[in-house]
Amino acid sequence: MARASKKTVRGRAAPKLAKVGRGELLTLIDFVRYAVSRFTEAKLAFAHGTTDPVAEAAFLVCEALHLHPDQFEIFAHACVTTAEGKTLLDLIHKRVTTRKPAAYLVNKIYMRGLPFYVDERVIVPRSFIGELLESHFGGDGEVGSLIDDPTAVERVLDLCTGSGCLAILAAHHFPNATIDAVDISKGALEVAARNVSEHGLDERITLHRGDLFAPLGDNKYDLIITNPPYVDAEGMAALPPECRAEPKLAFDGGADGLDVVRRIVHDAPDHLTPDGGLLCEIGRGRELVDEAFPELPLLWLDTEESEGEVFWIAAADLG
């Protein structure tokens with residue numbers, strides 16, 4: 001049998017991008033426009049730090065040229081060298097043909113302005129919890145603040161830490177806290193260790209390998225944050241190729257998506273201080289969560305891009 005001459009992406013012929021003539025694309029904005037057209041044409045999915053083809057194209061162009069995303073407008077009309085142009089076209093081509101998240105192609109993602117290393121060992125960070133730490137845990141009498149004084153928080157736990165990004169953001173927001181971060185994946189903890197070290201937080205963040213609370217003994221925390229697996233069976237079957245490039249373990253929440261969430265809610269009271277609380281992200285499963293825990297006064301929190309995808313509950317209300 002003759003060997004197939006075309007590479008395939010999960011059973012489909014990989015799309016081919018038309019060749020770009022020399023001098024046809026000159027500036028950063030030219031390459032962004034070209035990338036947006038190709039991304040839209042290929043019907044890519046955007047859910048990994050960027051939400052649309054324009055933002056994704058600008059992110060890739062900046063990273064390839066070693067520019068911070070905030071610098072794009074300054075250099076938008078600057079010309080790109082021939083070598084840089086080849087690098088950009090190769091990157092755009094990889095995004096279209098592999099359908100891998102852009103963050104994997106450049107090994108970087110930003111959360112709340114901070115850079116984090118990522119690769120295929122971890123889910124690409126896009127949790128809403130980072131924003132909520134700033135908006136609802138500010139103290140100083142702010143309206144809607146859930147913890148009166150961030151400087152009084154001494155111990156924080158990040159369950160299902162993945163790349164360690166939430167643990168690191170918590171370390172920045174709660175300056176006097178030590179943080180424990182847990183994940184069951186050895187590979188994820190290797191990535192988290194790199195990020196913790198690069199952010200200079202080795203003395204404040206301790207990484208633990210294990211199943212949720214299992215490696216923590218009787219430790220108690222002022223705050224538990226978690227972005228656990230919460231995709232249900234139907235959602236798992238419908239994941240776009242970009243998400244299928246990420247670790248299945250980080251998505252799969254069982255038949256209804258709540259297998260891990262139930263365990264966290266059940267065991268959290270044993271690991272919270274009397275004035276502590278649990279902050280848990282569950283995606284678009286609010287109705288199921290409310291049905292699963294009708295006796296709990298869950299407080300649903302919104303962000304700029306989400307509504308009711310994260311809940312808070314105080315230790316006293318967990319029982």
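Worth knowing before you read on, the calculation uses all heavy atoms, side chains too, and leaves out hydrogens, waters and symmetry mates. Throughout, residue positions are numbered sequentially from 1 according to the sequence presented.
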Can you give me every donor-acceptor pair (side chain of residues 225-236, partner residue at least two apart or in another chain, under 3.5 Å) with its distance?
unit_1	atom_1	unit_2	atom_2	d
T226	OG1	L159	O	3.3
D232	OD1	E234	N	3.3
D232	OD1	G235	N	2.6

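A salt bridge links E190 to K186: one of the charged nitrogens lies within less than 4.0 Å of a carboxylate oxygen. Comment: K94 does not engage D90 in a salt bridge, judged by the lack of any side-chain N to carboxylate O separation of less than 4.0 angstrom.
The salt bridge (Lys or Arg N to Asp or Glu O under 4.0 Å) check on R286 picks up D290, with sequence neighbours excluded. Considering only residues two or more places apart in sequence or on other chains, R209 meets the salt bridge (Lys or Arg N to Asp or Glu O under 4.0 Å) condition with none of them.
The shortest heavy-atom contact between L318 and A268 is CD1-CB, 4.1 Å.
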Trace of the side chain to side chain contact (heavy atoms under 4.5 Å, CB included) decision for T161 with H208 | CA-CA 10 Å; T161 192; H208 305 265; over 6 Å; no
Could you give me the CA-CA distance, side-chain angles and deciding distance for V80 and L25, then say whether side chain to side chain contact (heavy atoms under 4.5 Å, CB included) is met?
-> CA-CA 8 Å; V80 171; L25 301 175; over 6 Å; no
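A distance-only check finds a donor-acceptor pair linking the side chain of E131 to the backbone of E304 [under 3.5 Å]. Side-chain atoms of R126 come within 3.5 Å of backbone N or O of A47 as a donor-acceptor pair. The backbone N or O of F128 lies less than 3.5 Å from a partner atom in the side chain of E281, making a donor-acceptor pair. The closest donor-acceptor contact from the side chain of K220 to the backbone of D270 lies under 3.5 Å. Remark: the backbone N or O of V106 is not paired with any side-chain donor or acceptor of E63 at under 3.5 angstrom. Side chain of H199 to backbone of P115: a donor-acceptor contact under 3.5 angstrom is found. Side chain of D30 to main chain of L26: a donor-acceptor pair is present (N/O by atom type, distance under 3.5 Å, no hydrogens or angles). Without hydrogens or angle criteria, T40 side chain to V36 main chain gives a donor-acceptor distance under 3.5 Å. In this structure, the side chain of N176 does not engage the main chain of E154 through any donor-acceptor pair within 3.5 Å. For N195 (side chain) and S163 (main-chain N/O), a donor-acceptor pair under 3.5 Å exists by modelled atom type.
Looking at heavy atoms from C-beta onward, P125 lies in side-chain contact with V118 at the 4.5 angstrom threshold. Side-chain contact between V289 and V265 is absent, with no heavy atoms from C-beta onward closer than 4.5 Å.
Separation of the Y104 and H48 ring centroids does not fall under the 6.0 Å cut-off.
A parallel orientation is assigned to the rings of F213 and H271, their planes being inclined by less than 30° (bins at 30° and 60°).
The environment of CD in E291 is crowded: more than 12 heavy-atom neighbours from other residues, nucleotides or ligands sit within 6.0 Å. Within 6.0 Å of CZ in R284 there are 12 or fewer heavy atoms belonging to other residues, nucleotides or ligands. When the shell of 6.0 Å around NE2 of H68 is examined, it contains more than 12 heavy atoms from other residues, nucleotides or ligands. No more than 12 heavy atoms of other residues, nucleotides or ligands shown are found within 6.0 angstrom of CD on E307. Taking a 6.0 Å sphere around NE2 of H172, one finds it holds more than 12 heavy atoms contributed by other residues, nucleotides or ligands.
For the atom pair T81 OG1 and L88 CG, the distance stands at 8.5 Å (nearest 0.5 Å).
Screening D222, D180, D275 against R155 for a salt bridge (Lys or Arg N to Asp or Glu O under 4.0 Å) leaves a single residue, D180.
No chain of hydrophobic side-chain contacts below 4.5 Å, direct or via other Ile, Leu, Val, Met, Phe, Trp or Tyr residues, connects I129 to F251.
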